[in-house]
Structures are given as structure tokens and as C-alpha cells.
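See structure below.
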There are 2 protein chains.
Amino acid sequence: MTRTMRAKAGSDAPEPRIRARNKERILNAAVTLFADKSFHGTHVKEIALASGLPKTNVYYYFPTKESIYAAVIERLIAGWDRAFEHIVTEREPRDAIAAYIRAKLEYSRRHAAESRFFANEILRGAQFLERRQRQHIRDVTAQRAHVVEEWIRRGQMAPVDPRHFFIMLWSATQFYADFGALAADVLEKRRLTRKDFDAAAETMTRVILDGCCTPSRRSR
Amino acid sequence: MTRTMRAKAGSDAPEPRIRARNKERILNAAVTLFADKSFHGTHVKEIALASGLPKTNVYYYFPTKESIYAAVIERLIAGWDRAFEHIVTEREPRDAIAAYIRAKLEYSRRHAAESRFFANEILRGAQFLERRQRQHIRDVTAQRAHVVEEWIRRGQMAPVDPRHFFIMLWSATQFYADFGALAADVLEKRRLTRKDFDAAAETMTRVILDGCCTPSRRSR
DNA sequence: GTGGAACCTGACACGGGTGTCAGGTTTTCC
DNA sequence: GGAAAACCTGACACCCGTGTCAGGTTCCAC
């Protein structure tokens, strides 16, 4: 108990090295396992094995399996914001959105486990996401939605619902990491390569940008 | 053992009524539970409870929990084809794709549990999908990809990779059913209504169709 | 209405997963 | 270099989920 308080209260004192290193190891192992086999399909013994620590040692740092899961989520939420950095009024929508697509795809390619973990949590109805975490997601999205609205107001973009538009971007970019098994099947590949991700970016950019960023046309 | 053979061998004799009814109940209960809580998170006892049958009775029809899971998959795969029915060379791409989006969204709205179950299976790397089932998905997709290629050849559609294009359509339409929790959060709603699905269809159709179905433009 | 197949069920064996505990070892800081 | 805190660990208790079994009931065809 005392150690937990110490670690959490540490507004000035940094987290002890060993502690930080081991928690890091555990979390890294856990995110992959949870992504592959879900919460109930993953056993603490496996997490321990994958992080090179005895099971009891894992319990020294985390009181329950659930607390490991929660810690993984906490770490991921922090990354949510970064994806949106490109969406700013100063940029042209075409450039900004293209950059967003590339960045998002690249991120989910390189952090496939994290991506799948998160997707799975949402799929389950976001049961573990805390109220404040959901609020955070809402806030960040709303903020960027205003940017899109501004673009539309200025006539730089076709009038689409910004939230649905974001959802569309998110789903398309997530897909290749989350549903890699299916995507590979459909593309008749054994595994997805960097080239496949590039082709995906190309298709997406073409379809989405040419679809909503040419204000002069109103073909419907 | 004999009963299983009887039921499977029945090329002429139909499956006995009680058997058919009970298996149906079990499968219906199972798909929702598996979707909500994953394979390992779902207990046979719960499936039994949800289908109004004692647990032992469930085991009378299915030898293992895994066999229930496999049966659910088998039932779902059959539905894969139907979504693609709209994609035929005879139609104009614009109409066909719009119809596909509407049909797919409507289906995932009404069968959210099935949809989430399937998404989760893919997320896990499609570990339970049999070889022939994966082959089936590949075949059906390849067939419809040819339709798109034909449209492109005729100049009715912008030159995009048909498989990536399908993936984009699939991910966008799936999203609202699979990630309903997040979508509702982002849209600041408690639950997604029919109207939200309509708005989603509107946004998607607008972005995708105006993006790739106007052959005269080549703005890049 | 009777025999056999199909159907149903409570009780229970068994394995394995979570989390504990008591007692060790290492690190850290004076 | 010595004490206290942090760190580590094997053994084990306990629960609960899967799947079995033996014996009962209902259905159906003749």
C-alpha cells in the first residue's frame, strides 16, 4: 500500500527505476496478449512469462489482472490526441487530411497491438473506459470538429457532418491494423507489407479528398 | 454419436423439430454473449440461461463450447455474399455503391450482435475461420472486384484499387455497429438511433461517391 | 399402448486460473 | 557497513468453469 501511494503521489520524486522498468515490461507484454486473446483469454501467468518475470512479481506491482488492463488503457488514451494534431484551421483541408491519413495509418501499422487492443475494448462497449477518459475523447473530437466546420464555412470543404467524417477517417485507417487478417485475405497476401499500407493510403486519400474537398461541385 | 450422424447425414430427412428449435435458441443466445464478452469471457452456463435451457441440455446438442462458437461462425459466413449483391456490372456504379452502403448499414444496425461477433473474430486474427471459409470470402470479393475493374475500364469510375476500395466501404459501414460505443460518444448521444445511421449513410455516400464516381475530373 | 429413440437433468469430478502469504534477497541512503 | 525500504519468490488455498455420467422423461411410429 505504501509503495503505491509513494509511486502515485510522486509529484516531485520520480518513480524508482526498477519499478518503472518492470511496470513497463509488464504493460508491453500485456498489451500484445490482451490484443491477441482478449481479457479473459489472457492469463497472468502468460503476461509474466512474456515479460520475463515470475508471476508473483507481477502481482507485486499490480494488485489484480484488471488493474493491468486499466493501466494499459491509461497509457493508450494519451496517444489519442496526437493523431489529431494535423487538423488545424491554418492548414488547407486537403493537406491536413492527407497528412492525418498518412500519420494514422503509419501509427496503426507500427503499433498494431495497441491498435487492436483499443479496438477490442471499444467493440466490447468500452466497459473499462472511465467516465473522464470518454469525456476526454469527446472533448478532443469536438474541438477538431470545429476546425472542419470552419473549413466548410470558408468554402474550403464540402458540407459534411464533421463527426461522421472523422468516424469515417478513423474506421478506414484503423482497419488495416485491426482487421489485418481479413485485409490480407482479401488482398491475397500472406501478410500486409508497407506497400499495402501505401496503396491503402493512396486509395483513401484519392476517394476522400476528391470527394469532399472540391467546394465548387455539388453533384447531388 | 448416432444422433449427430443422423442429423448431419440427413440429406433427405429434415432435422427433427425439437433439435432444430433448441439449437437455434442456443446459437441465438450465444452470438450475443460472444459478441459482448468474447469466447473466454462467455460461460456455457450463461448461454444456457439466456436460451432458457439447463446447461446439461446445451451439452446434449453441442459437445464443447468451441463447437458452439464454430456453429455461430458457420451461420454468419452465409450472410457474407448477400451484401455484395448490389455490385453488378449492369448497374451504374453510383447507384450500385449507394445501394450497397445503405444495405450494409441497415444490416449491421439490425444485426449488431452478429456484426460485432464477426468483427471480433477477425480482430483476433480469424483463428476460428476454417480454410474453406476464408477461401470463400476471397472468392466472393475477387469476383466483385472484377465488376469494379470493368466500371473503371469503361470510364464510369475513377481508377482506384478495387480491393482497397471494398475494404474502405466495409470498414466505414461496419463501424457504426461494431464501435457503437465510441460513435455514440463522439456524436454526444446516449445511443445511436436510426437517424444517426441515416446521417452516416449520407456522409459516406457523399464523400465516397463524389470522390470516385465522377470520371471527368482528375484533380490530382 | 408399447418399445425404442430422442430428449432432458442434477450431481459431481477435475483442472486450471487468480490471488495470498511468509519469508527470503537486493538496493539505497545515511 | 548497517538498517530500512524496496524488491522478489515458491508453495499453496480457493474458486469456478468445463465437461461427464447415470438415470430419468417425453416423443413417435407401428
Side-chain angles (χ1 to χ4, degrees), chain A residues 1-10 12-27 29-30 32-34 36-72 127-128, chain B residues 1-10 12-27 29-30 32-34 36-72 127-128:
Chain A
M1 248 323 155
T2 57
R3 61 179 175 277
T4 308
M5 288 171 68
R6 163 104 142 76
K8 284 226 169 180
D12 47 331
E15 199 166 47
R17 285 159 232 173
I18 298 181
R19 185 177 194 79
R21 170 172 55 82
N22 283 349
K23 284 180 91 170
E24 191 70 11
R25 277 189 191 170
I26 292 167
L27 259 26
T32 308
L33 286 165
F34 283 143
D36 283 348
K37 328 209 296 175
S38 84
F39 179 77
H40 293 283
T42 301
H43 309 313
V44 178
K45 197 179 179 179
E46 297 171 308
I47 298 179
L49 197 71
S51 44
L53 263 36
K55 189 187 65 159
T56 329
N57 202 353
V58 172
Y59 276 108
Y60 174 69
Y61 291 108
F62 296 95
T64 60
K65 184 166 82 166
E66 204 170 310
S67 71
I68 301 178
Y69 195 87
V72 172
Q127 296 162 356
F128 280 85
Chain B
M1 247 326 154
T2 55
R3 62 181 176 275
T4 309
M5 288 170 68
R6 163 104 141 76
K8 284 226 170 180
D12 48 331
E15 198 166 47
R17 285 160 232 173
I18 298 180
R19 187 177 192 80
R21 171 172 54 82
N22 283 349
K23 284 179 90 170
E24 190 71 12
R25 277 188 192 170
I26 293 167
L27 258 27
T32 308
L33 286 165
F34 283 143
D36 283 348
K37 328 209 296 174
S38 87
F39 179 77
H40 292 283
T42 301
H43 309 313
V44 178
K45 197 178 181 179
E46 297 171 307
I47 298 179
L49 197 70
S51 44
L53 262 38
K55 189 188 65 161
T56 329
N57 202 354
V58 172
Y59 275 109
Y60 175 68
Y61 291 108
F62 296 94
T64 61
K65 183 165 83 166
E66 204 170 310
S67 71
I68 302 178
Y69 195 87
V72 172
Q127 296 162 355
F128 279 86

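To find a chain, count down the sequence lines: A is the first, B the second, and so on, and within it residues start at 1.
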Identify every side-chain donor-acceptor pair in residues 48-58 of chain B under 3.5 Å, counting partners at least two apart or on other chains, and give the distances.
unit_1: B:Ser51; atom_1: OG; unit_2: B:Ile47; atom_2: O; d: 2.6
unit_1: B:Ser51; atom_1: OG; unit_2: B:Ala48; atom_2: O; d: 3.2

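Atom CZ of A:Phe39 and atom C1' of C:dG17 are 12 Å apart (whole Å). Spacing between atom CZ of B:Arg21 and atom C1' of D:dC27 amounts to 12 Å, rounded to whole angstrom units. Computed from coordinates, the A:Tyr59 OH to D:dG10 P distance equals 16 Å when rounded to whole Å. We find that NZ of B:Lys55 is positioned 9 Å from P of D:dG19, with the value rounded to whole Å. Computed from coordinates, the A:Arg19 CZ to D:dA6 C1' distance equals 9 Å when rounded to whole Å. Atom-to-atom, CD of A:Glu66 to C1' of C:dG17 comes out at 15 Å; the value is rounded to the nearest Å. Rounded to whole Å, atom P of D:dC16 lies 13 Å from atom CD of B:Glu46. At whole-Å resolution of the value, CZ in B:Phe62 and C1' in D:dT18 are 16 Å apart.
In this structure, of D:dC8, C:dT9, C:dG19, it is D:dC8 that holds the atom nearest to the side chain of A:Tyr61. Of the candidate nucleotides C:dG17, D:dT9, C:dG10, C:dG17 has the atom nearest to the side chain of A:His43.
With the end axes of the helix from C:dG1-D:dC30 to C:dC30-D:dG1 each set by five pairs, the angle from one to the other reads 30° at 10° resolution.
Classification of the A:Tyr69-A:Phe39 ring pair by plane angle, with boundaries at 30° and 60°, yields perpendicular.
Distances shorter than 4.0 Å separate none of the side-chain N or O atoms of A:Asn57 from OP1 or OP2 on D:dG10.
Partners of B:Glu46 by side chain to side chain donor-acceptor pair (under 3.5 Å), not counting sequence neighbours, listed by chain and number: B:Lys37.
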